[in-house]
Amino acid sequence: MAGPARGEEAIETTGRPATVRLEVADEVATITLARPGALNALDRTMREELLAAFRSVDRDRAVRAVILTAEGRAFCAGQDLRESFGGAAPSLTEEIRERYNPLILAIHRCSKPVIGAINGTAAGAGFSLALACDIRIAAASATLVLAFGRIGLVPDSGVSWFLQRLLGSARAAELALVGDALMAIEAERIGLVSHVVPDEALDAEARALALRLAAGSPRALALTKRALAFAAESTLEVALEYEAWLQGVAGASADHAEGLAAFREKRPPRFTGE
Ligand code: T3D
């Protein structure tokens, strides 16, 4: 794979044309799924390239916010079913453990805020990719569908974990068991996506939000993500203690000093991540 991105680059791991593009501009990385002819279904190469892209932006100090989006009329149709073998080897357990779970963790644990710009259908593991993002914005024509049950599989790649936390158990059970497609507007109503925007405005809206995030303190944003992830698993007492500890870290940073100075001088802060 090529090194950290400047301008636009394709992530290639196999010598084949890249299926994922990574572009960095104005401290915002845009990761684009680029197999529109297959509705951006995840084949093995694409999963590897997507993982490489997230690892790259996580390491790259020049990146302060990330957008995950896709080319064409779909966001991602999930596992490429032309690559699936049903009951034949290799076992799906191993496949999910080795190929999907690291990808979901890389997105969710990315130290930069990740915006999912859902441009079209997100199905199966494509739905999971969207759920792993911190914030989701959807194009009005997008739909989200837990397609797993339709092919006799169970929701994977974090669906059971994310859905219950985002929606509560009853709504999560309905979605997971019934599996009806959700139109973007309904997904917004139940809180699964933050905003629905006209299709043609999606890129600009996602970018505007990413630029706002990129202007924030990288350190504070990374610690905020850690606080949220930690609190989801802990009691109030333990979460309070963790917040206090994180605040000690943030409070000792140059970014905090800069934030205070900017407040006193009535000017926008210039955060460096130090
Ligand atoms: O196997 C493992 O490794 C386990 C991992 C599981 C994780 C998963 O993600 S399981 C879920 C896999 N995904 C699905 O089951 C979704 C299947 N696709 C659909 O349900 C529908 O295609 C969509 C809802 C995504 C879109 O519907 P629509 O009507 O807009 O499009 P279409 O006509 O169904 O599909 C257009 C083309 O894309 C078509 O190809 P063709 O006939 O034009 O040559 C279709 O076969 C292809 N396509 C759609 N989804 C996939 C796909 N090809 C490969 N894999 C796909 N997932």
Side-chain angles (χ1 to χ4, degrees), residues 13-14 16-20 31-54 68-108 116-133 136 138-164 166 172-187 192-193 196 199 202:
T13 54
T14 61
R16 293 191 336 191
T19 61
V20 172
I31 297 174
T32 305
L33 308 179
R35 292 185 77 211
L39 301 189
N40 299 308
L42 293 151
D43 65 0
R44 187 171 279 225
T45 303
M46 192 189 221
R47 291 190 301 260
E48 286 171 3
E49 291 179 353
L50 191 52
L51 182 58
F54 270 95
L68 175 62
T69 192
E71 255 183 37
R73 70 178 179 90
F75 177 69
C76 172
Q79 164 67 27
D80 188 329
L81 298 177
R82 285 169 298 211
E83 227 185 35
S84 300
F85 298 100
S91 114
L92 286 191
T93 302
E94 289 308 312
E95 191 68 8
I96 305 277
R97 262 189 206 138
E98 288 171 20
R99 309 271 169 194
Y100 278 97
N101 294 356
L103 178 56
I104 295 300
L105 289 173
I107 299 172
H108 190 60
I118 317 301
N119 54 297
T121 307
F127 197 148
S128 312
L129 294 182
L131 292 176
C133 297
R136 283 157 292 284
S141 68
T143 53
L144 296 109
V145 51
L146 283 180
F148 302 91
R150 297 178 184 182
I151 54 169
L153 292 182
V154 299
D156 63 28
S157 306
V159 165
S160 55
W161 194 89
F162 289 116
L163 274 190
Q164 303 223 52
L166 288 166
E174 186 185 350
L175 263 187
L177 296 171
V178 180
D180 284 343
L182 272 179
M183 300 299 294
I185 197 72
E186 175 68 358
L192 211 49
V193 306
V196 176
D199 290 12
L202 181 68

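In listed order, ligands and their atoms are each counted from 1.
N40 places a side-chain N or O within 3.5 Å of a backbone atom of E71 that can act as its donor or acceptor partner. Counting only distance, with no hydrogens or angles, the side chain of D80 and the backbone of A41 share no donor-acceptor pair below 3.5 Å. Under a 3.5 Å cut-off, the side chain of E49 and the backbone N or O of A18 do not form any donor-acceptor pair. Checked by atom type and distance alone, the side chain of R136 pairs as donor or acceptor with a backbone atom of L131 at under 3.5 Å. Side-chain atoms of S91 come within 3.5 Å of backbone N or O of T93 as a donor-acceptor pair.
Contacts of L92 with ligand 1, taken as heavy-atom pairs under 4.0 Å, involve the side chain alone. Using a 4.0 Å cut-off between heavy atoms, T143 makes no contact with ligand 1 at all. Contacts between E83 and ligand 1 below 4.0 angstrom, taking non-hydrogen atoms only, are absent altogether. In L42, neither the side chain nor the backbone holds a heavy atom less than 4.0 Å from any atom of ligand 1. Contacts between L39 and ligand 1 below 4.0 angstrom, taking non-hydrogen atoms only, involve the side chain exclusively.
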Can you list, pair by pair, the side-chain donor-acceptor contacts under 3.5 Å of residues 141-149, counting residues two or more places apart and other chains?
unit_1: S141; atom_1: OG; unit_2: D199; atom_2: OD1; d: 3.3
unit_1: S141; atom_1: OG; unit_2: D199; atom_2: OD2; d: 2.6
unit_1: T143; atom_1: OG1; unit_2: T121; atom_2: OG1; d: 3.4

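Rounding to the nearest 0.5 Å places CG of L163 at 5.5 Å from CZ of F127.
For atom 54 (C) of ligand 1, the candidate residues are N40, I96, D80; the nearest heavy-atom contact is made by D80. Summarising the contacts of atom 32 (P) of ligand 1 with R82, R35, R73, the nearest heavy atom is found in R73. Of the listed options V145, V159, T121, D156, D156 places a heavy atom closest to atom 6 (C) of ligand 1. In this comparison of A77, G149, S128, G124, the heavy atom closest to atom 50 (N) of ligand 1 sits on A77.
Looking at residues two or more places apart in sequence or on another chain, you find a side chain to side chain donor-acceptor pair (under 3.5 Å) between R97 and E94.
If you number the atoms of ligand 1 from 1 as listed, the ones under 4.0 Å from a heavy atom of A147 come out as 14 (C), 15 (O), 16 (C). The atoms of ligand 1 that sit less than 4.0 Å from any heavy atom of G78 are 9 (O).
The shell of residues lying under 4.0 angstrom from ligand 1, judged by heavy atoms, excludes R99.
Considering backbone and side-chain atoms together, Q79 places an N or O closer than 3.5 Å to an N or O of ligand 1.
If you run side chain to side chain donor-acceptor pair (under 3.5 Å) between Q79 and each of R47, E95, R99, only R47 comes through.
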